[in-house]
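Here the structure is laid out as structure tokens; the discussion comes afterwards.
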Amino acid sequence: QVQLVESGGGLVQPGGSLRLSCTASRSIFSMLTMGWYRQAPGKQRDLVARITTGGTTNYADSVKGRFTISRDNAKNTVYLQMNSLKPEDTAVYYCNALFALASSNYWGQGTQVTVSS
């Protein structure tokens, strides 16, 4: 099993920035496709950004140009740099790991991001 621990959430004003981190417990990290999802009240959990084992990234249209996902395999950590934050970005953000070889999917506990004046 892979345990994921997120950090970096908090309260920020519109236009501000936050960086979320997610650290995996196991050294198979380099074999994992990593993603960030978010879930706002009354909404489904949606993909925000994803990064493959090869470093290819994908973003939701709503965050494209503002958010950047990256990974540091040496630290077993994936990051989500969030700039130009909007109130609509307010949600619980969840780290996700996909180990396709074993058909395994893992979730972090979530971290709250609140964008408000």
Side-chain angles (χ1 to χ4, degrees):
Q1 296 292 319
V2 175
Q3 292 193 82
L4 305 173
V5 179
E6 303 105 326
S7 63
L11 175 65
V12 66
Q13 292 187 336
S17 297
L18 286 173
R19 188 179 74 162
L20 306 183
S21 300
C22 172
T23 299
S25 62
R26 292 176 60 93
S27 59
I28 62 168
F29 182 81
S30 63
M31 300 181 185
L32 304 174
T33 292
M34 303 298 301
W36 287 97
Y37 291 70
R38 67 186 182 188
Q39 187 168 24
K43 300 292 187 70
Q44 69 181 78
R45 187 175 298 185
D46 291 328
L47 175 69
V48 176
R50 180 177 58 210
I51 185 166
T52 69
T53 57
T56 301
T57 58
N58 299 96
Y59 298 93
D61 288 341
S62 59
V63 307
K64 197 172 300 180
R66 299 187 297 122
F67 291 10
T68 302
I69 188 170
S70 61
R71 65 191 298 160
D72 185 342
N73 288 342
K75 299 177 68 174
N76 292 352
T77 299
V78 63
Y79 304 95
L80 185 67
Q81 179 66 48
M82 304 185 294
N83 299 325
S84 302
L85 283 161
K86 305 174 180 179
E88 307 93 270
D89 297 318
T90 296
V92 177
Y93 284 70
Y94 296 91
C95 181
N96 172 263
L98 173 65
F99 187 30
L101 194 151
S103 300
S104 299
N105 193 275
Y106 308 94
W107 292 95
Q109 82 286 353
T111 185
Q112 177 71 49
V113 172
T114 302
V115 185
S116 175
S117 298

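- Between Thr90 and Thr114, the side chains place no donor N or O within less than 3.5 Å of an acceptor N or O (distance only, hydrogens not considered).
- For the atom pair CD (Gln1) and OG (Ser25), the distance works out to 9.0 Å, reported to the nearest 0.5 Å.
- The same ILVMFWY cluster, assembled from side-chain heavy atoms under 4.5 Å apart, contains both Phe99 and Ile69.
- Taking hydrophobic clusters as Ile, Leu, Val, Met, Phe, Trp and Tyr residues chained together by side-chain heavy-atom distances below 4.5 Å, Leu98 does not share a cluster with Tyr93.
- Applying the side-chain hydrogen bond (donor to acceptor under 3.5 Å, both in side chains) rule to Gln3 yields no partners; only residues at least two apart in sequence or on another chain are considered.
- Here the straight-line distance linking atom OG1 of Thr33 with atom CG of Asn105 works out to 10.5 Å at 0.5 Å rounding.
- For the side chain to side chain contact (heavy atoms under 4.5 Å, CB included) test, residues two or more places apart in sequence or in another chain that qualify with Glu88 are Lys86.
- Once rounded to the nearest 0.5 Å, the distance linking SG of Cys22 with CG of Asn96 reads 9.0 Å.
- In this structure, CE in Met31 is found 9.5 Å from OG1 in Thr53, a value given to the nearest 0.5 Å.
- A pairwise comparison of heavy atoms in Arg66 and Leu85 identifies NH1-CA, 3.9 Å as the closest pair.
- How far CH2 of Trp36 is from CZ of Arg50: 15.5 Å, rounded to the nearest 0.5 Å.
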Under 3.5 Å, which donor-acceptor pairs link side chains of residues 4-12 to any protein atom two or more places apart or in another chain?
residue: Glu6; atom: OE1; partner: Gln109; partner atom: N; Å: 2.8
residue: Glu6; atom: OE1; partner: Gln109; partner atom: NE2; Å: 3.2
residue: Glu6; atom: OE1; partner: Gly110; partner atom: N; Å: 3.0
residue: Glu6; atom: OE2; partner: Cys95; partner atom: N; Å: 2.7
residue: Glu6; atom: OE2; partner: Gly110; partner atom: N; Å: 3.2

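- Transitive grouping of hydrophobic side chains (ILVMFWY, heavy atoms separated by less than 4.5 Å) keeps Tyr94 and Val115 in distinct clusters.
- Partners of Ser70 by side-chain hydrogen bond (donor to acceptor under 3.5 Å, both in side chains), not counting sequence neighbours: none found.
- Looking at residues two or more places apart in sequence or on another chain, you find a ring-ring contact (aromatic ring centres under 6.0 Å, His included) between Tyr37 and Trp107.
- Val2 is not listed as a side-chain neighbour of Phe29, based on a closest heavy-atom distance of 4.5 Å or more.
- Partner of Leu80 under the side chain to side chain contact (heavy atoms under 4.5 Å, CB included) criterion, out of Thr68, Leu20, Leu18: Leu20 alone.
- Taking all atoms of both residues into account, the shortest heavy-atom contact from Tyr59 to Phe67 is CE2-O, 3.3 Å.
- What you find for Ala40 and Ala91 is that their closest heavy atoms are N-CB, 3.8 Å.
- Residues Ala97 and Leu32 come closest through the heavy atom pair CB-CD1, 4.0 Å.
- A distance of 4.5 Å separates CG in Asp89 from CZ in Arg38, rounded to the nearest 0.5 Å.
- Listed by first and then second residue, the side chain to side chain donor-acceptor pair (under 3.5 Å) pairs involving residues 12-21 are Ser17-Asn83 (not counting sequence neighbours).
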